[in-house]
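Atoms considered below: every heavy atom in the structure, side chains included; atoms not considered: hydrogens, waters and symmetry mates.
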Amino acid sequence: MTDIIMFRDVVKIYNGVIKALDKASFTIPNKAIAGLLGPNGSGKTTSFKLILGLLKPNEGSIRVFGMDPWWDEVDVRRRIGYLPEKPIYPDVRVYEYLRLVRRIRGASREDVIRLTKMFNIYKYLYSRINSLSRGYLQRLGITQALIGNPELLLLDEPTANLDPSSRREILGLIKDLAKELDITIVVATHILPEMKEIANYIVFINKGRIVEYGPIDILTKRYRVEAYYLIYTDQPRRIASELISEDYVRGVEIVEHGLILRIDSTYSELLEELLSTTYQNMIHGYKLVTGELGELYEKLEKLA
Amino acid sequence: MSSTKNWRSSLRRVNLYATHLLGTKATPVYVMTSIISFILAISITYGAYFIFYTFFAVILFALVLVIISTAARVIDDLNEGIASMILTAGLSRFEYILSWLISTVFYPVIIIALAALIPALVISPGALISYRVGPIGFVPPPLGMLIMTFSEQLYVNTMFALSFGIVYRRKSIAWVIAVMLTIIIPIISPMIGVAIALGMGPSSISYRYTNLVIYFMNFLFNPFYAYLSAYAFDPKDIVLPLLTIGISGVFGLIFTWALIYHAKHSMEA
């Protein structure tokens with residue numbers, strides 16, 4: 001896979017004082033579903049603005065689609081869809097704003113209508129943007145970001161400040177997008193569980209420094225983090241007694257519909273193969289429940 | 001070929017955003033401009049030049065303030081982050097600033113100039129270039145020169161004030177500069193003119209030389225006032241008026257370029 005985003009030793013200093021990025025170097029490959037993970041104030045939004053050419057780096061070089069986003073701003077931005085953390089729209093009606101974006105990007109009217117129906121904001125086309133709820137503002141944000149079929153989608157804290165049901169809805173939409181669209185998606189967030197089910201690539205950032213980046217499966221193995229498997233079975237005790245003797249199994253817990261197995265993630269593939277063959281007739285299914293991103297994050301945070 | 005295509009696409013985007021602004025944020029300036037244009041056109045069409053001459057300064061002041069108050073909303077958009085949202089849709093910084101200038105400064109100035117020029121050309125072309133005796137023996141300056149210097153001043157005043165507002169990202173700076181240029185300098189320049197004439201001794205007190213001082217104090221930023229002074233100094237002199245129009249025009253163009261250049265570079269989100 002070729003890299004769609006490349007940062008090399010990028011330094012960004014605000015007002016000559018605040019160092020938002022400090023020699024940041026990372027790449028994001030084409031078609032990756034990437035998580036830009038880090039605590040608040042770690043430099044995620046700054047990184048997005050640099051990718052979009054809204055900010056100019058003080059040092060270092062950035063390449064997006066092989067171009068410099070500051071100097072080739074229009075060519076880069078036209079290929080990117082962006083949902084800011086706190087989108088601030090002009091005080092106009094929804095259709096007026098979408099029409100403006102559509103015309104600037106040269107997209108078709110049908111394309112926009114399809115998106116507004118897909119994200120369920122069609123009925124609000126004549127409402128003023130300022131009257132929309134936070135959840136619908138996010139829907140509008142994602143809609144406008146997807147106008148013109150972008151090759152790269154940047155979502156900055158897409159679920160921040162949302163109530164639980166809106167958060168679930170937006171997460172569901174992002175998951176669907178990740179499945180349906182054959183594009184690169186980068187989601188900046190500090191909420192790790194949200195990324196667990198979506199991302200296949202991560203960039204860890206802390207205090208403006210890139211701690212680690214790469215495909216999740218490689219990183220989890222490299223840092224030997226634990227994986228949790230929920231195994232649905234009617235014979236939990238039997239399976240537990242057989243697997244507990246394995247070296248890579250770090251713990252077993254019997255729960256209502258089966259058991260939770262805690263293992264060294266390096267052996268995930270081995271366990272999954274075992275479950276699909278040896279234990280195939282004894283289990284109803286299994287799923288990776290939680291953990292590895294959080295643990296990986298903790299380990300990397302100590303490295304920072 | 002590719003460069004031409006880029007320019008065309010760029011102009012298309014500028015036109016799109018300028019049109020969007022016309023329909024939303026720039027509406028007040030067009031209401032005001034339309035009303036004033038209508039009054040100017042009617043007064044010229046029916047030969048009511050005294051309306052035109054009497055209220056020129058008031059109209060100019062009102063127009064500058066309305067244009068500044070609308071154009072300076074770009075500073076709010078820059079500070080609040082709306083500009084960033086628009087830029088991410090696929091506009092360049094240059095296109096963004098140019099769209100604002102076109103919709104809030106260029107168009108109103110052109111509309112005002114045309115509203116005065118077209119009826120004057122149709123009804124009484126002679127009034128554009130020659131002065132004529134008005135009511136009660138008053139000899140007003142040629143209409144064409146007035147319109148030209150008026151439009152130029154409108155443009156230079158607003159561009160100068162707006163550029164500082166954008167670079168420092170503060171509307172108040174734009175307002176202060178606009179008021180300074182449109183009111184304060186024209187008011188204090190005659191006082192200084194008189195003071196200088198007085199300082200030169202009683203024998204030097206001269207209406208004509210006072211006007212010359214006013215001219216030099218205004219010719220860069222306020223070509224309209226400078227022209228009126230030059231006319232008062234010598235109605236038949238053509239050198240000073242042409243100097244005013246030329247230098248102010250060049251200054252206005254240079255400042256437009258400087259504004260776009262600095263605004264573009266100060267537009268980091």
Side-chain angles (χ1 to χ4, degrees), chain A residues 12-15 20 45-46 48-58 69-93 96-107 128-130 137 140-141 144-145 147-148 150 152-154 156, chain B residues 2-3 5-28 70 73-100 102-104 168-169 260-269:
Chain A
K12 180 62 200 173
I13 302 169
Y14 289 112
N15 302 322
T45 301
T46 300
F48 273 2
K49 287 184 173 177
L50 286 163
I51 291 169
L52 286 157
L54 295 174
L55 291 176
K56 190 179 181 185
N58 296 85
W70 178 257
W71 296 110
D72 301 314
E73 50 178 338
V74 174
D75 292 332
V76 168
R77 281 190 214 125
R78 283 170 61 82
R79 296 166 72 178
I80 300 178
Y82 174 51
L83 171 69
E85 182 180 0
K86 290 172 190 161
I88 300 164
Y89 300 98
D91 182 24
V92 291
R93 294 182 195 284
E96 287 175 313
Y97 181 66
L98 293 178
R99 185 178 58 189
L100 174 68
V101 177
R102 174 179 74 79
R103 286 176 172 175
I104 290 175
R105 295 197 157 194
R128 293 203 84 82
I129 293 179
N130 292 350
L137 279 176
L140 172 63
Q144 61 88 28
I147 290 175
L152 169 63
L153 188 60
L154 302 178
D156 192 357
Chain B
S2 167
S3 168
K5 198 179 171 187
N6 285 346
W7 269 105
R8 277 189 190 162
S9 318
S10 187
L11 284 175
R12 187 185 64 83
R13 289 192 293 270
V14 169
N15 180 46
L16 276 173
Y17 192 52
T19 310
H20 172 80
L21 291 171
L22 288 181
T24 54
K25 298 191 178 186
T27 311
T70 309
R73 292 175 73 180
V74 67
I75 298 166
D76 289 337
D77 281 12
L78 288 170
N79 291 340
E80 289 166 10
I82 293 172
S84 299
M85 278 302 283
I86 303 295
L87 290 179
T88 57
L91 277 186
S92 71
R93 292 178 291 274
F94 171 76
E95 290 161 359
Y96 180 82
I97 288 292
L98 193 60
S99 304
W100 268 96
I102 285 176
S103 59
T104 59
Y168 291 99
R169 297 272 190 105
I260 292 174
Y261 179 82
H262 285 289
K264 209 179 117 179
H265 286 269
S266 70
M267 267 181 69
E268 282 200 72

When you compare the side chain of [Y] with that of [X], does any pair of heavy atoms fall below 4.5 Å?
X: A/L52; Y: A/I80; value: yes
X: B/Y17; Y: A/R103; value: no
X: A/L152; Y: A/R79; value: no
X: A/Y82; Y: A/L153; value: no
X: B/R13; Y: A/V74; value: yes
X: A/I129; Y: A/V92; value: yes

For this session: Let me know if A/I104 has heavy atoms under 4.5 Å from chain B in its side chain, its backbone, both or neither.
Result: both
Problem set entry | A/P84 portion near chain B, given a 4.5 angstrom heavy-atom threshold |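 Only the side chain of A/P84 comes within 4.5 Å of chain B.
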Exercise. Roughly how far apart are B/I102 CD1 and B/I97 CD1, rounded to 0.5 Å?
Worked result: 12.0 Å
Problem set entry | Residues which pass ring pair (Phe, Tyr, Trp, His ring centres under 6.0 Å) with A/Y97, listed by chain and number, not counting sequence neighbours | A/Y89
For this session: Mind checking ring pair (Phe, Tyr, Trp, His ring centres under 6.0 Å) for B/Y261 and listing every partner two or more places apart, or none if nothing turns up?
Result: B/W257, B/H265
Exercise. Is any residue of residues 73-83 of chain B within less than 4.5 Å of chain A by heavy atoms, and which ones?
Worked result: B/E80, B/G81, B/I82
Exercise. Under 4.5 Å, heavy atom to heavy atom, which residues of residues 88-95 of chain B contact chain A?
Worked result: B/T88, B/A89, B/G90, B/L91, B/S92, B/R93, B/E95
Exercise. Any donor and acceptor pair, going by atom type alone, linking the side chain of A/K12 with main-chain N or O of A/K56 inside 3.5 Å?
Worked result: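 It does hold such a pair.
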Exercise. Does any N or O in the side chain of A/E73 come within less than 3.5 Å of the main-chain N or O of A/W70, such that one atom is a donor and the other an acceptor?
Worked result: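 Looks like no, no N/O pair under 3.5 Å.
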Problem set entry | Top contributor to chain B contacts, counting heavy-atom pairs under 4.5 Å, from A/L154, A/V101, A/L100, A/I147 |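 Of the options given, most contacts go to A/L100.
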